[in-house]
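Order of the sequence lines fixes the chain letters, A, B, ..., with proteins taken first and strands second; residue numbering starts at 1 for each chain. Worth saying up front: this structure is predicted, and the values here are computed from it rather than measured.
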There are 2 protein chains.
Amino acid sequence: MGASETRQQIVDVADRLFYERGFEATSFADIARDAGLSRGNFYYHFKTKDEILAAVIGGRVEKTRAILEAWARNADSPADRIRSFVHILITNRTRIMAHGCPVGTLCNELAKLDHAAKEDAARLFSLFRDWLARQFAMLGREADADALALHLLMRSQGVAVLATAFRDEAFIYREVSDMEAWLQTQCPATSLSRSRQSV
Amino acid sequence: MGASETRQQIVDVADRLFYERGFEATSFADIARDAGLSRGNFYYHFKTKDEILAAVIGGRVEKTRAILEAWARNADSPADRIRSFVHILITNRTRIMAHGCPVGTLCNELAKLDHAAKEDAARLFSLFRDWLARQFAMLGREADADALALHLLMRSQGVAVLATAFRDEAFIYREVSDMEAWLQTQCPATSLSRSRQSV
DNA sequence: GTCTATATCTCGATAGAC
DNA sequence: GTCTATCGAGATATAGAC
């Protein structure tokens with residue numbers, strides 16, 4: 001296997017383990033075992049744990065950008081795009097109930113560790129925040145687009161935390177419906193009623 | 001110093017470190033140092049890390065019960081009691097921006113570790129949940145009191161996560177105002193207008 | 001009840017053979 | 001580019017003196 005493929009394999013495994021078990025709780029040995037490598041070979045690709053964390057965050061940034069672009073492509077109206085965001089709570093509900101939100105839990109852990117990469121992790125939130133704000137602006141809410149984006153992001157994080165603690169699937173569905181109802185009240189009727197038909 | 005005082009001192013220090021740095025990232029040596037004890041003495045009081053975690057969670061349960069009782073004593077109306085809950089986001093904003101919510105972050109970490117105590121930690125949420133539900137029931141919302149309680153708990157958790165990631169104090173104040181406005185819309189006008197005067 | 005000393009393990013990280 | 005062998009540090013945990 002070439003160096004770049006092995007490196008990518010390491011990043012993929014580390015990404016999964018950092019999410020499922022946490023950054024601190026995941027050892028090099030864990031990553032090497034799941035990637036099918038010896039620990040010695042591992043250090044050929046990554047010198048420090050912080051290096052692999054940076055690679056994981058960088059990979060998540062790229063994946064997030066791709067998802068946001070796909071949502072923008074696949075939905076005609078800004079309201080439908082926002083609904084795409086809301087619905088990841090349902091799509092990923094099983095993993096969220098087991099391990100929380102990948103972004104929120106990483107930011108929390110790095111904040112507690114006062115880790116140098118905590119700002120980089122928070123930038124993952126900013127990707128969603130700025131994208132959502134653009135959709136709200138397109139819905140005619142230029143003045144408070146960022147506040148609305150943060151509000152929706154806040155709700156999705158709150159749902160993720162409680163879904164993990166209580167493992168309550170009905171709660172997730174209820175709050176997603178509530179977020180959609182809130183969305184209705186926040187935006188001009190025309191663009192929303194049009195988009196509702198496509199749901 | 002007597003055994004019970006030393007034990008309490010250990011639990012207090014562990015409680016703080018588990019919150020500030022996380023459970024996994026806190027070592028026995030850290031706790032012993034901050035408590036002014038040798039590691040050897042430490043093991044006289046607690047045999048395992050799980051034992052001290054159980055003591056920390058137990059202590060938090062007692063403190064939470066005391067806080068909820070104080071809120072019930074010091075506020076005449078259920079609406080004011082609910083506002084007492086909402087306002088811990090402002091009271092504790094500095095610590096929340098640095099280390100998140102003590103309950104939410106612990107539940108997230110224990111869920112990832114698949115720790116035996118994760119259900120016990122989630123019971124801390126249940127204390128707030130049940131208490132809030134009782135207040136909503138007293139406000140005439142018996143039918144959906146629990147859903148309303150979970151919704152408010154969800155919002156407070158979402159605010160805590162984003163406040164940690166973005167370290168944005170204005171965001172906290174804005175969302176607290178929004179929660180109060182939401183509270184207005186959810187409950188009969190009479191009991192709320194009365195309670196508003198006392199804020 | 002508190003201490004020092006120590007055992008044992010696993011961690012992140014390195015050296016060097018192939 | 002991958003391996004085995006190994007290092008030092010720090011982790012949990014124990015033994016035994018006082």
Problem - Selection: residues 39-55 of chain B, any non-hydrogen atom under 4.0 Å of DNA chain C - result: B:G40, B:N41, B:Y44, B:H45
Exercise for the section: Kindly say whether the aromatic ring centers of A:F128 and A:F85 come within a distance under 6.0 Å. Expected result: yes
Problem - Ring centres under 6.0 angstrom apart (B:F46, B:F28) - result: no
Handout entry: Donor-acceptor pair between A:D50 and A:H115 side chains, under 3.5 angstrom
Key = yes
Exercise for the section: Give a yes-or-no answer on whether the side chains of B:D30 and B:S27 include a donor-acceptor pair shorter than 3.5 Å. Expected result: yes
Distance in angstrom units between [X] [atom1] and [N] [atom2], rounded:
X     : N      : atom1 : atom2 : result
A:D30 : C:dG12 : CG    : C1'   : 12 Å
A:I31 : C:dT10 : CD1   : P     : 17 Å
B:I10 : C:dT2  : CD1   : C1'   : 11 Å

Practice task
Select base, sugar-phosphate, or nothing to describe what A:S38 touches, counting heavy atoms under 4.0 Å on all strands.
Solution key: base
Practice task
Look at all strands and tell whether B:S4 reaches a base, only sugar-phosphate, or nothing, counting heavy atoms closer than 4.0 Å.
Solution key: nothing
Exercise for the section: Kindly point out which of C:dC3, D:dC3, C:dG12 is positioned nearest to the side chain of A:F28? Expected result: C:dG12
Practice task
Compare side-chain N and O positions of B:T6 against OP1 and OP2 of C:dG1 and report whether any pair is under 4.0 Å apart.
Solution key: no
Practice task
Look at A:S27 and C:dT10 and indicate whether a side-chain polar atom (N or O) is within less than 4.0 Å of OP1 or OP2.
Solution key: no
Problem - Donor-acceptor contact below 3.5 Å, side chain B:R81 vs main chain B:P78 - result: no
Handout entry: Joint cluster assignment, A:L127 & A:I67, ILVMFWY side-chain distance < 4.5 Å
Key = yes
